[in-house]
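To keep things clear, I will list the structure first and then write my remarks on it.
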Amino acid sequence: MIRYRVTEGFSPEQRQAGRKTVHMAQGRKLSGEALVAEILAEEPTLTEGVVKSAIDALRRVVARRMAEGDTVEIPKLARFVPHVSGEQDAASMWTKGPFVEAKVYPAVELTAEFQAKAQLEQVDESTIRPIVKGTLDSKSGRADSAVTPGGSLAIFGRHLKWHLLKQDEGVFFILPDKTEFKATKGVDNKPSRLTVDIPDDLPSGETCRLEVRMRVGRNKTLQVSDCRTVFEVL
């Protein structure tokens, strides 16, 4: 199921014309062990070792041949094309680059099968709330259990990105007496990952809860994560 939300247009022209834009709601990422498990479920005669070796060999072959300037086409899956970009001035001196990158184009068969199987569901963006799935304290190296004042905290989950200029949005550390400390700086501010500086004045020896507060798109409703983990302040 592919979930999407509809919001007001971003530009003044779009809003004045009453036009709206469509955004896909974030889905799960399939990779690593989960991807191998899916392949084994599809082809039970294979083994985990064979699948992992094949994926690794495919990556090496694609990278090597693209590095030689070749296009690599995997039938019914995708075409991998090396691409060079950059800018030169009037004297033919590089001002940016040159950079190399991989362009990936899905095969017609893959696109057709995907579109035939896809089902759509519109979600009310007022119901979308941030979801905290895990944390990692940089100074102590502890996951899902501790925060260190003056250090940084990586937060993993979904719908985490907040508006940096809005004072009521962001990452908050809440003591048992309801005193709140807001993380004032965010290094990563992405839907699936935040990295924030833990306030220096968060009192050591206390415990705290963590809340991520944000709004989706132009929705005016403040959404709050439901993270029930109790963190030790080191």
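Both backbone and side-chain heavy atoms feed into the values below; hydrogens, waters and symmetry mates do not.
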Test item: [X] and [Y] side chains (from C-beta on) under 4.5 Å apart, heavy atoms:
| X | Y | result |
| --- | --- | --- |
| I131 | S225 | no |
| V51 | E48 | no |
| T148 | S138 | no |
| T207 | P176 | yes |
| F114 | I2 | yes |

For the student: nearest non-hydrogen atoms of [X] and [Y], plus distance:
| X | Y | value |
| --- | --- | --- |
| S152 | D197 | CB-OD1, 4.1 Å |
| P199 | F181 | CG-CB, 4.0 Å |
| A146 | L153 | O-CD1, 4.2 Å |
| F156 | R193 | CE2-NH1, 3.1 Å |
| L234 | S140 | CD1-CB, 3.5 Å |
| L222 | E169 | CD1-CG, 3.8 Å |

Between T229 and D144, is any side-chain donor less than 3.5 angstrom from a side-chain acceptor?
no
Decide whether [X] and [Y] are clustered together by the hydrophobic rule: side chain heavy atoms of Ile, Leu, Val, Met, Phe, Trp, Tyr closer than 4.5 Å, transitively.
| X | Y | value |
| --- | --- | --- |
| I39 | I74 | no |
| V171 | L164 | yes |
| V104 | V72 | yes |
| L46 | L30 | yes |
| V62 | I55 | no |

side-chain contact (heavy atoms from CB on, under 4.5 Å) between M214 and L160, intermediate numbers included
CA-CA 7 Å; M214 49 75 79; L160 299 176; over 6 Å; no
Please test D168 against R213 for side-chain contact (heavy atoms from CB on, under 4.5 Å), starting from the C-alpha separation and ending with a verdict.
CA-CA 7 Å; D168 59 349; R213 303 171 186 171; over 6 Å; no
Under the rule for salt bridge (charged side-chain N to carboxylate O under 4.0 Å, His left out), what residues qualify as partners of E109, not counting sequence neighbours?
none
If you count every heavy atom of other residues, nucleotides or ligands that lies below 6.0 Å from [X] atom [atom1], does the total exceed 12?
| X | atom1 | answer |
| --- | --- | --- |
| R65 | CZ | no |
| M93 | CE | no |
| E121 | CD | yes |
| E68 | CD | yes |

Could you tell me whether K52 and E33 make a salt bridge, using a distance below 4.0 angstrom between a side-chain N and a carboxylate O?
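Result for this pair is yes, salt bridge flagged.
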Taking only Lys NZ, Arg NE, NH1 and NH2, and the carboxylate oxygens of Asp or Glu, determine whether D137 and K139 approach each other closer than 4.0 Å.
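No salt bridge links D137 with K139.
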State the [atom1]-[atom2] distance between [X] and [Y], to the nearest 0.5 angstrom.
| X | Y | atom1 | atom2 | answer |
| --- | --- | --- | --- | --- |
| L194 | T135 | CG | OG1 | 11.5 Å |
| H159 | Q223 | NE2 | CD | 10.0 Å |
| F172 | L210 | CZ | CG | 10.5 Å |
| K76 | E113 | NZ | CD | 9.5 Å |
| L40 | L35 | CG | CG | 9.5 Å |
| L136 | S145 | CG | OG | 9.5 Å |

Within the distance-only criterion (no hydrogens, no angle test), does the side chain of D188 pair as donor or acceptor with the backbone N or O of K190 below 3.5 angstrom?
no
Is a donor on one side and an acceptor on the other found under 3.5 Å between the side chain of T95 and the backbone of E87?
yes
Before you tell me yes or no, could you show the steps for I174 and E211 under side-chain contact (heavy atoms from CB on, under 4.5 Å), namely the whole-Å CA-CA distance, both residues' side-chain angles and the distance that decides it to 0.1 Å?
CA-CA 8 Å; I174 306 170; E211 281 188 0; 3.3 Å; yes
side-chain contact (heavy atoms from CB on, under 4.5 Å) evaluation trace for L202 with L175
CA-CA 9 Å; L202 188 64; L175 301 183; 4.2 Å; yes
